[in-house]
Amino acid sequence: MLDKTFRPAEVEARHYALWEASGAFDCHPDSNAEPFCIMMPPPNVTGSLHMGHALNHTLQDVLARFERMRGRDVLWQPGTDHAGIATQMVVERSLAAEGGSRTALGRAGFVERVWAWKAESGSTITRQLRRLGASADWRRERFTMDEGLSAAVRKVFVRLHKDGVIYRDKRLVNWDPKLQTAISDLEVEQREIKGHLWHIAYPVEGLEGASIPVATTRPETMLGDTAVAVHPDDERYRALIGRHAILPLVGRRIPIVADPYADPETGSGAVKITPAHDFNDFEVARRHSLPLINIFDPHARLTDAVPQPYRGLDRFEARQRVVADLEAAGALLKVEDQTHSVPFGDRSGVPLEPWLTDQWYADAKRLAAPAIAAVEDGRTRFVPKQWESTYFEWMRNIQPWCISRQLWWGHQIPAWYGPDGAVFVEESEAEASAAAARHYGRTVALTRDPDVLDTWFSSALWPFSTLGWPDRTKELARYYPTDVLVTGFDIIFFWVARMMMMGMHFMGKAPFHTVYIHALVRDEFGQKMSKSKGNIIDPLVLIEKYGADALRLTLVAMAAQGRDIKLAEARVEGYRNFATKLWNAARFCQMNGCTPDHPFDPAEAGLTINRWLVAGVRRLAEDATDALVTFRFNEAAGALYHFVWHSFCDWYLEMAKPVLSGDDKAAAEETRGAAAWALGQILHLLHPVMPFVTEELFGALGYAGGPLITAPWPRLQHLPVDDAAVDEIDWIIRFVSTIRSARSELNVPPSAELDLIVENAGAATQRRAARHGPALSLLARLKTMEVTADKLPTMPKGAVQVVVDEATLVIPLAEIIDLDAERRRLAREIEKLESEIGKIDRKLGNSDFLAKAPAEVVEDQRERRAEAERAQAKLRQAAARLKA
RNA sequence: AGGCGCGUAGCUCAGGGGUAGAGCGCUACCUUGACACGGUAGAGGUCGGCGGUUCGAAACCGCCCGCGCCUACCA
């Protein structure tokens, strides 16, 4: 016998281990089944499970389990990402804690240390994904720095270099002075900062006492100025164009140039040009052949290129010093408060410096073109569709991708330099040496480029590198292109776009047919979860408290397309209650012999309730299937929740009770089989969302063909939908609800059993009442029920009258009834119907409505009016009889 | 500045040209042999505002207001 409540912890561990050991998660490359492949977005190896992971992997697991049950050969390819910067920072921090440092260890020692860290701590996240129930094929788990994947990276780099897509260039990059590395545009986080706008007077050479005012938010950069620009049409400064200004504090002669970049409306209209430390200024300098003066070292401290007093100062100290000196020199015109955005490193959290360095770039524009086309013509579609415009917007304006990083942890760039700086890009040192020997005509010593690649470079290859590329493996042929990618919108640019580009370039096909973009999980007030706000909800805590199924159902039920999820713990609790409800429904079935050993043919059900049940289950299966196929996860969850609770438990099992304990043995037997069948179908349909509780119940009730994880998905389209049975049960629900409502409003004690008279009963009502007497009595708490086609000649004293269809239900309540309450109730009902009739009359009185609305809509309104009027007449009559 | 999304019950949200929905919360009653993590019945809404299209708009279109996010720029 099942316990009174479901206890998830023990069940989850047991079933997960069984599933994994039984090979249920395994793909079958040799099978004849149609493949279905999902590439898991590899979580950072440093990661631990957060709500975003929980949502992302729940949705993937729902799809994987659904398609597996539908008979597809599912490969859900798992793995982790080496996460260059993040991992290097983690290991550096732990080194620092023990008094060591990266530089003290040296490169080889440090990398070894990171691998040791990975061996010890790198499986945290995958262990946690298992807790969630993720049914990935863990045998195939990959890591972006595995040898195979690393070989793929080298091959891609070399090929793209030979194709001219990858090249080396000296230009401004976003430099992170804390991490000491370049980063890509995407890793820049703009933050609004309250700062100042300093207006500085630059004296003009040859014009005694004249100066040109410039305005800046970064006064320290003036030390690197090499020009002042004004707009060519700006009357105020036209006379100064071609002259020179004398840079205060430095004394350098710098030209005053005309350039449309200078906006007369902004600042003073004259803009200082610091080409080595500003992206716009760099372009201006290029147009005017201005010199570049690099005033920062890699730590963003001032170099020897600035006057003596400032050398070696940190950029923030330098600012104070420069402002003070300008003021002392009388060159500071004014200072205004100004809010402006400042670029910060998303990992380091410090302001970035545009800095001139040699880096490796990928010509993303070239790679983007086929990737754009693939989405334009629908080879890859985004769900929801509006994300396609986000993708297009970025891809069509894509900038060169800086792919080198000055780190130690990552894929070292396969480029070697000869003694004269000639570069040899090859997949191995031996090949590079050979190429160099050919180039120089002799063997030379080569130096390898110390940089590593952007982490996203290797994840861009994930859809094919994990399948064995560049080898032509069976898996690659079978599972690429993959079916659906499930991910968050925050990495469309970082990852999705780059996989599209690399997939098109190297495989000739887009890596997925569908990209399903889900929302962000926020706290219950809509705030982004963050450590600093302290509003993080830990999925593992929720799993422990409510079970993985409850968390999964919550996330799935709230995963409406295109909307963020505001998660409150109360929601998880509510869905945990659903798991308990399901559990108890199964317990009821078990206690009443509604078990699968009782045969039932759903196509041949005899009893009305069972025919109704079959129709309901069939529709549920269709709805759930449709919803999952179209990624409407929330609708699938909603349909399942509603059917199980409000159809199966609230009505079916209640109506089944008198049958199960009744005298009709055949009816009881059929109902036992029907309940068991329906519960079995429900367990199948719920399994992708709630794998643990369904698997447990499936086993505990003795269903055959387990485990459920590999059981076939219900296909019930062939089953009958008996409209007459549906109408009949709807009538029962109306009948019972009407009586309950009256009882409640008149404060009839729930325990009181009533003697009911149904008068004016038509043929259908008489037949239905006769067939469902026991159920009606139980559900409406009746002692006796008398049904007559006639109208009662006299009303029993103190009788309540309610209307169901054509019949009037007369409930004698002489001892119990509160006559005033009953009068008020009737008046209220009549009033309600009156307003409804009024509404319909306004429509029917509109000749345009009659002329132009579809006939069935008009007819429907007429019927509704007639019905309302009939009910109202009966209630009026009842009110009259009550008085008498 | 541009783009995208959102505004529906106290809260969190579905829905979507013809009866206004769910969960939670709230109120009353009920420990009835599956379930109090439960049952029954209820209260609660001019669907952000203004126009337009339509026989009919909460839904479609336009504008406005408010909120959120993304991208770009900011001397």
Side-chain angles (χ1 to χ4, degrees), chain A residues 2 4-6 185 190 197-200 213-218 228-229 261-263 266-274 278 280-281 338-342 384 386-387 389-390 393-394 397 489-490 492-493 519-520 522 524-526 528 546 550 554 557-558 560 562-568 570-571 573-592 632 634-635 638 641-642 646 649-650 653-654 657 736-737 740-745 747-751 778-779 781 836 839-840 842-843 846-854 856-858 860-861 864:
Chain A
L2 294 170
K4 210 164 169 182
T5 54
F6 172 52
D185 299 347
Q190 298 291 340
L197 192 60
W198 284 273
H199 294 254
I200 308 166
V214 299
T216 180
T217 54
R218 298 202 55 195
V228 173
Y261 166 66
D263 177 4
T266 309
S268 63
V271 57
K272 59 191 272 311
I273 301 299
T274 319
D278 181 283
N280 288 307
D281 293 4
Q338 165 130 334
T339 302
H340 58 116
S341 72
V342 176
Q386 67 253 25
W387 290 111
S389 42
T390 303
E393 178 65 20
W394 189 70
N397 298 300
F489 62 82
D490 48 330
I492 290 178
F493 303 147
L520 221 60
R522 300 170 175 278
E524 60 185 304
F525 307 108
K528 213 165 168 170
Y546 303 107
T554 306
M558 297 180 81
R563 191 158 193 151
D564 283 346
I565 293 178
K566 291 182 199 165
L567 187 71
R571 298 298 295 259
E573 191 180 343
Y575 286 114
R576 184 276 318 269
N577 295 349
F578 174 76
T580 306
K581 186 75 181 177
L582 174 70
W583 182 266
N584 276 290
R587 188 162 176 264
F588 172 87
C589 287
Q590 191 185 45
M591 291 170 75
N592 287 279
R632 283 151 29 234
N634 59 316
E635 290 183 27
Y641 182 101
H642 193 266
H646 299 302
C649 292
D650 286 353
L653 292 182
E654 294 303 325
K657 280 175 182 173
V736 170
S737 299
R740 282 174 173 173
S741 191
R743 292 179 63 123
S744 177
E745 283 183 59
N747 297 319
V748 176
S751 54
L778 183 74
L779 297 180
R781 286 223 142 225
E836 195 185 336
K839 252 194 240 172
I840 298 172
R842 274 195 294 282
K843 278 187 190 174
N846 181 342
S847 56
D848 281 337
F849 173 73
L850 297 176
K852 295 183 180 168
E856 65 266 25
V857 171
V858 176
D860 187 49
Q861 293 295 319
R864 281 180 48 203

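Just so you know, these numbers come straight off a predicted model, no measurement behind them. Just so we're on the same page: letters track the sequence lines, and every chain starts at 1.
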In B/S/- notation (B base, S sugar-phosphate only, - none; protein heavy atoms under 4.0 Å), nucleotides 19-31 of chain B written 5' to 3' is BS--S-----SS-
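With a 4.5 Å cut-off on side-chain heavy atoms, A/F6 and A/L582 do not count as touching. At a threshold of 4.5 Å between non-hydrogen side-chain atoms, the residues A/W387 and A/I492 count as touching.
When heavy atoms are screened at a 4.0 angstrom cut-off, A/A229 is found touching no nucleic acid atom at all. Here A/C589 lies out of heavy-atom contact (under 4.0 Å) with every strand. Among the atoms of the strands shown, base atoms are found under 4.0 Å from some heavy atom of A/A853. Within 4.0 Å of A/V857, counting heavy atoms only, lies at least one base atom of the nucleic acid. Heavy atoms of A/F493 sit under 4.0 angstrom from primed sugar atoms or phosphate atoms, though from no base atom. Using a 4.0 Å heavy-atom criterion, one finds that A/T217 contacts the sugar-phosphate atoms exclusively. Heavy atoms of A/K272 sit nowhere under 4.0 angstrom from any nucleic acid atom.
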Protein-nucleotides 60-62 of chain B N/O pairs closer than 3.5 Å?
none

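Taking the side chain to side chain contact (heavy atoms under 4.5 Å, CB included) definition, one finds that A/H642 meets it with A/H646, sequence neighbours left out. Remark: A/R781 engages no residue in a salt bridge (Lys or Arg N to Asp or Glu O under 4.0 Å) (not counting sequence neighbours). Every residue was checked against the salt bridge (Lys or Arg N to Asp or Glu O under 4.0 Å) condition with A/K843, not counting sequence neighbours, and none meets it.
For A/Y641 and A/Y575, the ring centers sit closer than 6.0 Å to each other.
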Given Watson-Crick and G-U pairs under 3.5 Å, RNA chain B in dot-bracket ([ ] crossing, | other strand) is (((((((..((((....[..)))).(((((.......))))).....(((((..]....))))))))))))....
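With B/C55, B/U40, B/A34 as the candidates, the nucleotide lying closest to the side chain of A/K852 is B/C55. Closest contact between the side chain of A/N846 and the listed nucleotides B/A34, B/C55, B/C37 involves B/C55. In the set B/G42, B/G18, B/A34, B/G42 carries the atom at the smallest distance from any side-chain atom of A/S741. The side chain of A/E654 has B/C35 as its nearest neighbour among B/C35, B/G15, B/U12. In the set B/A14, B/G38, B/U40, the nucleotide with an atom closest to the side chain of A/K581 is B/G38.
Taking atom CZ on A/F849 and atom P on B/G17, their separation rounds to 17 Å, with Å as the unit. Whole-Å rounding puts the A/I492 CD1 to B/G3 P distance at 18 Å.
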